[in-house]
Number of protein chains: 2
Amino acid sequence: MTALPPALDKVATLLSRLPGVGKRSALRWAFHILGEPPSYARELQQALAELMQHVRFCSECHHLAEDERCPICRDPARDPTLLCIVEGVPDLLALERTGSYRGRYHVLHGALAPLKGIGPAQLRLGNLEERIANQGVSEVILATSADVEGEATALYLAKRLAPTGVNVTRIATGIPMGGELEYLDDHTLSRAIAGRIRFG
Amino acid sequence: MTALPPALDKVATLLSRLPGVGKRSALRWAFHILGEPPSYARELQQALAELMQHVRFCSECHHLAEDERCPICRDPARDPTLLCIVEGVPDLLALERTGSYRGRYHVLHGALAPLKGIGPAQLRLGNLEERIANQGVSEVILATSADVEGEATALYLAKRLAPTGVNVTRIATGIPMGGELEYLDDHTLSRAIAGRIRFG
């Protein structure tokens, strides 16, 4: 036996297709799985089956869904004229937890990162303009992260959506609540100064 | 839906148990798997099932095996008095490809790395002394890597095996075949000088 058993090689090859995973790590994990109690692989198989069976993405906003459309897109109480664009489902969930947003979402499943090969075609943008037109959206809120990739994505979207005539806004950057100026980074502080609003 | 679906969370939790994987990467991969064609998850389930069904580790040397003992441990033509200790199965396979070693192996499935929590108890050392005694091993060849962890492991094993009275040797370090001195690192070059042998 001077070659890897096909099953081991297959597991490693499949794991190496996950984003950011190299063949070496993948092979190490295949060995690790083999060395674990069999319950580990069994649970993983089971969880994968359930994942593919019970969870999918909403055909409209690309949020997690158990049907064709997610509960938010189906909810008639949500304002269809407000559309908040987020990078990922965890961001959407964070916004939902605040309870302060009653519009709909559009989940990109990523942010522009040319060096990682993520361009507009890799984001779920195909039906964005169509949604804006069909749902009578009046404001698109760009809620991508305040890091380089999130900012680049926001700039790209603002430019792309300009021809639609929709109002495009960006969530505020500034000092976080409870944040002490002394410990904030310069960049956040500059943004907070530049973005100051009338008070009192 | 302001929490993650249980199946998604479960896949992420299981993936995060792989060595060196954090919860954030694991969650990203769970989303990635969900976004792939269903054939990906299906193939991975199938490969995991086959891996656990058809591949295991030899109860003697911890090499890959399809039965209780691997083909090398079962082969009566292999010299039982020579035992070569390697860090992993890929190392064993590399040595086998050379065809120049006819003894048996002992696969550690790792190297000592205290900072990563890998001590002697995490390596497959439990039956090492027993094998040396029972198989009448006369020489143990330490074929761990020439990096910090491999060297530390070799030093540990040499010390641990001293009471058994077995001859312990270490594979040679020096300039690789085809290696040009000019481009070699100082450390390899020093080792090659220190390890010089009589010639001609």
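The environment of B/R74 atom CZ is dense: over 12 non-hydrogen atoms of other residues, nucleotides or ligands sit within 6.0 angstrom. Residue B/D186 places its CG atom among 12 or fewer non-hydrogen atoms of other residues, nucleotides or ligands, all under 6.0 Å distant. Within 6.0 Å of CZ in B/R160 there are more than 12 heavy atoms belonging to other residues, nucleotides or ligands. When the shell of 6.0 Å around NZ of A/K23 is examined, it contains more than 12 heavy atoms from other residues, nucleotides or ligands.
A distance of 7.0 Å separates CD in B/E36 from CZ in A/R17, rounded to the nearest 0.5 Å. Separation of atoms NE2 (A/H32) and NE2 (B/H109) is listed at 12.5 Å; rounding is to 0.5 Å. Taking CZ from A/R42 and CG from B/L14, the interatomic distance works out to 12.5 Å, rounded to the nearest 0.5 Å.
Using cut-offs of 30° and 60° for the angle between ring planes, the B/W29 and A/W29 rings count as tilted.
Contact detail for A/L64 and B/F31: the closest heavy-atom pair is CD2-CE2, 3.8 Å. Shortest non-hydrogen contact noted between B/P90 and A/L27 is CG-CD2, 4.3 Å.
Ranked by heavy-atom pairs under 4.5 Å with chain A, the list B/R28, B/Q53, B/Q46 is led by B/R28. Each of A/P19, A/A41, A/G110, A/A47 has some count of heavy-atom pairs under 4.5 Å with chain B, and the biggest count is that of A/P19.
Residues A/F57 and A/L123 do not share a hydrophobic cluster, defined by chaining ILVMFWY side chains whose heavy atoms lie under 4.5 Å apart. Placement of B/V86 and B/L83 in two distinct hydrophobic clusters is found when ILVMFWY residues are connected by side-chain heavy-atom separations under 4.5 Å, directly or transitively. Residues A/L155 and A/V168 fall into different hydrophobic clusters, defined by Ile, Leu, Val, Met, Phe, Trp and Tyr side chains chained together at heavy-atom separations under 4.5 Å. Hydrophobic clustering (side-chain heavy atoms under 4.5 Å, transitive across Ile, Leu, Val, Met, Phe, Trp, Tyr) groups A/V137 together with A/L108.
Proximity to chain A involves both the backbone and the side chain of B/A49, based on heavy atoms less than 4.5 angstrom apart.
Just one of B/V55, B/V89, B/L48 meets the side chain to side chain contact (heavy atoms under 4.5 Å, CB included) condition when paired with A/L34; it is B/V55.
Counting only heavy atoms from C-beta outward, the side chains of B/K10 and A/E43 approach each other to under 4.5 Å.
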Any chance you could lay out the side-chain contact (heavy atoms from CB on, under 4.5 Å) test for A/L44 and B/L44, step after step, and finish with the verdict? CA-CA 9 Å; A/L44 187 53; B/L44 186 53; 5.7 Å; no
Using side-chain contact (heavy atoms from CB on, under 4.5 Å), reason through A/I33 and B/M52 one step at a time and then give a plain yes or no. CA-CA 9 Å; A/I33 293 170; B/M52 301 312 284; 4.2 Å; yes
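Shown here are the side-chain contact (heavy atoms from CB on, under 4.5 Å) partners of A/E151, two or more places apart in sequence or in another chain: A/A146, A/R170, A/R191.
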